[in-house]
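Side chains are part of it too, since the values below use all heavy atoms of this structure and drop only hydrogens, waters and symmetry mates. Chain A is the first sequence line, chain B the second, and so forth, proteins listed ahead of strands; every chain is numbered from 1.
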Amino acid sequence: MSVNHELSDLFARFAAIVEIKGENVFKAIAFSKVSRLLKDMTFDIKQAALDDKLAHIEGIGAASQRIIQQYINEGRSMDYEEAAASVPPGLLPMLDIPGLGPKTIALLWKQRGVTNIEELVKAIDENQLAGLKGIGDKKIQSIKQGIAMRAQAAERRGIGDALPIAQALVARLCAIPQVKHAEIAGSLRRGRETIGDVDLICSIDSAAAGPQVSAAFVAFPEVTHINGQGATKASVITAGGLQVDLRMVPEEHFGAALLYFTGSKDHGIKIRGLALTKGMTLNEWGLYKLDDHEQAEKKSGGAPKLKPLASRTEADVYRKLGMAFVEPEMREDRGEVELAVQNKLPALIAVADYRGDLHTHTTASDGSNSIEEMADAAAKRGYLFLAVTDHSKSQVIANGLTAERLLKHAKEIRRVSERMKGSITLLAGCEVDILVDGRLDFEDGVLAELDFVVASPHVSPKQDSQKATDRLKRAIESRYVNVIGHPTGRLINQREGLPLQFDKIFAAAAATGTALEINAGYPRLDLNDINARAAIQAGVMLSINTDAHGIAGFDEIGMGIQVARRAWATKANVINCMDLAELRKFIARKREL
DNA sequence: GCCGTTTTCGGCCCGACTGTTTTCAGTCG
């Protein structure tokens, strides 16, 4: 684990300790934020500390800098250890139990001596919690249930697993008569690769329809447990253990609700803070004039009896806030709010900008469709070009091509391309294996016969950092390699991937004119959003490809584009958005090196 | 703990739902 991640975990634990001890809540919030910053950071915190740059990072103040500095120098933090010594370590995991928060945990500890989950279970079973202030029978039952659901709740689902479930629920919601329309919100809408729960927003005929829609929702056949249910929101657990939260609002508040529940939390806090500086307040019902809102009658469970300045669409709200519309994928508080205020947001790449797939397979190796079928399907999608890149000889299990078969295959690809002239251009290519030491699976003489080369690591996914970095660098330096396919080899929720030193990889790729892939196939999505953004900042071109093994695979391009959007990519950053002449120039330039 | 075109001190985003209470605290997102 990198120092960034070690420190991220340390700050997360520190925040939990502060919460349980009931110290200043803002201290806990500040440490949580530092934890998140460290987790998403694209640079090495150790290097930043050596370069004396810690003070420049927004959100990391004097106290956190001291902790980081000491941890880097001595491998420990006295501040943290002192705090940790004052709280039984077994209390921290209790925060993961749904329905159980820091206040109750502290109460259980101080009043009943509970110091870990096992003791909590025992205390419940032996009826030791009776008589605690604020803890009744129902509360005890909900804690018991929370313990049982903890393991499932803690696990984040991959976007590829959660999206179909969410889409099915949206379709069901739309079939309810009182529902006007429904949309996915939350981290799923922002395109995060894993999600903690599904957030759905629907608009209803009138506020009065809320309870009916809520009742219909919790009665869906997928629902196995109801967390809560009211006139404007409901929360359930579905068969797969996935939590789904639904908000219901009248149509005129839909945009504000969608904005609020798309998040991220940090983006929301930033723009609500911005609203305050402009004498307005923003909540899930709309953007309001602050004075009016403070005077208006306060009641829970419905829209304020007050005309909002904006609420019908997200665009309305952003406009009234004096900022440009922020695409959902950018709403992570990574500088997008500041840019939106100055109207300087990048124009993110869209599916419509995409001109062709550069990493695909056919029946020649392990694909399920022929060259013609793939070309046909690509042409029907409006693609201008398609690179056919079947596996190389080391991939025996995938029916990898020998040099001889590859060259014959290339001829066939060109023949089909000729036949389809005017509709689509095929590039005769190969996905050549990057061997353990960075050599390629074919000699230069063979690769020189091809139009396009993707080089990918398949074997040895657990190499150490130095070897893995040298391995990819060597492949990048080959004049015939145009794209490094799925550079880390990670699989979401299954495999970590190569521990690359990204700064070195990016520098080599930028210097040689080699594109790095965002593999759009789930569960690869590799490079991920964070690394892709760092690659762009280092001047690297990206290539987004489906790695389709059949015509249905082309459909996965959407998820790849979404990763690129999360990386703030514009079409100028992606070689798949070039026209054919530009792409050929991109290839030719490297061969001249 | 963090931050500053009102502030180096005094704020820090906001509301719904539950359960335990008779007006609110805790939790969640």
From B/dC14, B/dT27, B/dC17, nucleotide with atom closest to A/Lys233 side chain: B/dC17

Candidates B/dG26, B/dG29, B/dG1 - which lies nearest the side chain of A/Asp245: B/dG29

Specify the residues of residues 68-95 of chain A, ordered by number, for which at least one heavy atom lies under 4.0 angstrom from an atom of DNA chain B. none

Which residue lies more 5' along DNA chain B, comparing A/Ala234 with A/Pro102 via nearest heavy atoms: A/Ala234

Atom P, compared across B/dC3 and B/dC13: separation rounded to whole Å: 14 Å

Ring-plane angle category for A/Phe14 and A/Phe31, please: parallel below 30°, perpendicular beyond 60°, tilted otherwise. tilted

Which of these nucleotides, B/dG26, B/dC14, B/dC13, is closest to any side-chain atom of A/Arg272? B/dC13

Closest heavy-atom contact between A/Glu284 and A/Arg247? OE2-NH2, 2.9 Å

How close do A/Glu183 and A/Arg189 get, counting heavy atoms only, and between which atoms? OE1-NE, 4.1 Å

Candidate nucleotides B/dA16, B/dG29, B/dG1, ranked by approach to the side chain of A/Arg247 - the nearest: B/dA16

Measure from NZ or CZ of A/Arg533 to the centre of the six-membered ring of A/Phe43, then state whether that distance is under 6.0 Å and the direction lies within 45° of the axis. no

Is the phosphate of B/dG15 approached by A/Thr232 (side-chain N or O, under 4.0 Å from OP1 or OP2)? no

Whole angstroms only, please: what is the CD1-P distance between A/Ile269 and B/dC14? 10 Å

Rounded distance in Å between the C1' positions of B/dC2 and B/dT8: 12 Å

What nucleic acid atoms does A/Ser235 come within less than 4.0 Å of, heavy atoms only: base, sugar-phosphate, or nothing? nothing

Could you list the protein-to-nucleotides 3-9 of chain B atom pairs, N/O on both sides, closer than 3.5 Å?
unit_1: B/dC3; atom_1: OP1; unit_2: A/Gly59; atom_2: N; d: 2.5

How far does the C1' atom of B/dC17 sit from the matching atom of B/dT23, given to the nearest Å? 16 Å

In this structure, how many angstroms lie between the P atom of B/dC2 and the CZ atom of A/Phe14, rounded? 11 Å

Whole angstrom is fine here: how far is it from NZ in A/Lys265 over to P in B/dT27? 14 Å

What nucleic acid atoms does A/Tyr260 come within less than 4.0 Å of, heavy atoms only: base, sugar-phosphate, or nothing? base

Applying a 4.0 Å non-hydrogen cut-off, can you work out what A/Ile97 is touching in the nucleic acid: base, sugar-phosphate, or nothing? sugar-phosphate

Heavy-atom pair of closest approach, residues A/His181 and A/Phe254: NE2-CE2, 3.3 Å

Could you give the CD1-to-P distance, from A/Ile226 to B/dG19, as a whole number of Å? 12 Å

What's the gap between B/dC12 and B/dT7 when it is taken at their C1' atoms, as a whole Å value? 13 Å

Length of the line joining A/Lys270:NZ and B/dC13:P, which is rounded to integer Å: 11 Å

Heavy-atom closest pair (A/Met94 atom, A/Leu120 atom, distance to 0.1 Å) is CE-CD2, 3.9 Å

Closest approach of A/Ala535 to A/Leu527 (non-hydrogen atoms, all atoms of both residues): CB-CD1, 4.5 Å

Could you check which nucleotide pairs with B/dG26 in any of the strands shown, counting Watson-Crick or G-U wobble with both distances under 3.5 Å? B/dC17

Within the pair A/Trp285 and B/dC14, is there a side-chain N or O less than 4.0 Å away from OP1 or OP2? no

Between A/Asp316 and A/Arg319, is a salt bridge (Lys or Arg N to Asp or Glu O under 4.0 Å) present by the stated rule, with each step listed? CA-CA 5 Å; A/Asp316 290 344; A/Arg319 197 178 312 117; 3.3 Å; yes

Report which part of the nucleic acid A/Phe26 touches: base, sugar-phosphate, or nothing (heavy-atom distance under 4.0 Å, all strands). base

Rounding to the closest angstrom, what is the interatomic distance between B/dG10 and B/dG26 at atom P? 26 Å

To the closest 0.5 Å, what do you measure between OG1 (A/Thr194) and CG (A/Leu188)? 10.5 Å

So which of residues 136-144 of chain A are in contact with DNA chain B, with a heavy-atom cut-off of under 4.0 Å? A/Gly136, A/Asp137, A/Lys138, A/Lys139

Between A/Arg172 (side chain) and A/Phe220 (backbone), is there a donor-acceptor pair under 3.5 Å? no

Please give, in whole Å, the distance from B/dA25 C1' to A/Leu132 CG? 15 Å

Does the pair A/His267 and A/Ser264 meet the rule for a side chain to side chain donor-acceptor pair (under 3.5 Å), with working shown? CA-CA 5 Å; A/His267 178 84; A/Ser264 66; 5.9 Å; no

Look at the side-chain N and O atoms of A/Asn24 and state whether any lies under 4.0 Å from the OP1 or OP2 oxygen of B/dG1. no

For A/Arg192 and A/Ser187, test the side chains for any donor-to-acceptor distance below 3.5 angstrom and give the result as yes or no. no

Looking at every non-hydrogen atom in both residues, tell me the closest pair between A/Leu258 and A/Thr262 and how far apart they are. O-OG1, 2.6 Å

When rounded to the nearest Å, what value does the distance between C1' atoms of B/dG1 and B/dT6 take? 23 Å

What nucleic acid atoms does A/Ile29 come within less than 4.0 Å of, heavy atoms only: base, sugar-phosphate, or nothing? nothing

Quick check: on DNA chain B, is the nucleotide nearest A/Ala30 upstream (toward 5') of the one nearest A/Met280, or the reverse? Name the residue that is more 5'. A/Ala30

Between A/Arg566 and A/Glu332, does the salt bridge (Lys or Arg N to Asp or Glu O under 4.0 Å) criterion hold? Intermediate values first, please. CA-CA 9 Å; A/Arg566 287 183 59 80; A/Glu332 300 286 351; 2.9 Å; yes

Take atom P in B/dC28 and the same atom in B/dT20, then report the distance between them in whole Å. 15 Å

Roughly how many Å is it from NZ in A/Lys133 to C1' in B/dG19, rounded to a whole number? 13 Å

Check the phosphate of B/dG29 against A/Gln243, side-chain N and O only, distance under 4.0 Å to OP1 or OP2. Yes or no? yes

Write down the distance between CD (A/Gln145) and C1' (B/dG19), rounded to a whole number of angstrom. 15 Å

